[in-house]
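Have a look at the structure below, then the notes.
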Amino acid sequence: SLTKYFDHIIICGEDIKEKKPNEKPYKIILKKLKIQPDEVLVIGDKPLVDLAPAQKLGINTVCLSRKTQIKWSTKIRSLNEIFSILQPK
C-alpha cells in the first residue's frame, strides 16, 4: 500500500469542508501540517481541479492519467509509477 510512504493524507470534502478547485484546501493543509509548498506532492487525475490550484501555491504536482492527450509537466499512468518520483527521506 502507498499509504506507508505518506505522513498524512487529507481528503477535501471529507477531512476538511473546503473543496477544490480553489487554493484554500491546500493552504489549510500546509498550515495544519506546518510545511512549505515544496515539501508536498499532490497527485490528481483532473489537472484543472486537482493540480492547477496546488501548482499556483508552488506545490509539486503529478497528473495520474491513463489518457495520453492530457498535458501536464509530470505525468504517470499508474500509481505504481510514483515510486520513480518519490525520494526517500
Which atom of I43 lies closest to which atom of L64, heavy atoms considered: CG2-CB, 4.2 Å
Contact check, side chains of P53 and N22, non-hydrogen atoms, under 4.5 Å: no
K24 NZ to K19 NZ distance, which is reported to the nearest 0.5 Å: 14.0 Å
Heavy-atom pair of closest approach, residues I10 and L33: CD1-CD1, 4.4 Å
Distance, nearest 0.5 Å, that separates CG of L57 from CD of Q55: 10.5 Å
Any donor-acceptor pair under 3.5 Å from D50 side chain to D45 backbone: yes
Euclidean distance, T61 OG1 relative to K56 NZ, rounded to 0.5 Å: 12.5 Å
Donor-acceptor contact present, side-chain E14 to main-chain I11, <3.5 Å: no
Spacing of CD1 belonging to I29 relative to CD belonging to E18, to within rounding of 0.5 Å: 10.0 Å
Heavy-atom closest contact (L30 atom, V40 atom, distance): CD2-CG2, 3.6 Å
Spacing of S65 atom OG and R77 atom CZ [to the nearest 0.5 Å]: 7.0 Å
ILVMFWY cluster, I76 and V49 together (side-chain gap under 4.5 Å): no
Joint hydrophobic cluster, V62 plus I9, side-chain heavy atoms closer than 4.5 Å: yes
T3: partners by side chain to side chain donor-acceptor pair (under 3.5 Å), with sequence neighbours left out: S1
Closest approach of P25 to C12 (non-hydrogen atoms, all atoms of both residues): CB-SG, 3.4 Å
Distance (rounded to the nearest 0.5 Å) between K20 NZ and L51 CG: 8.0 Å
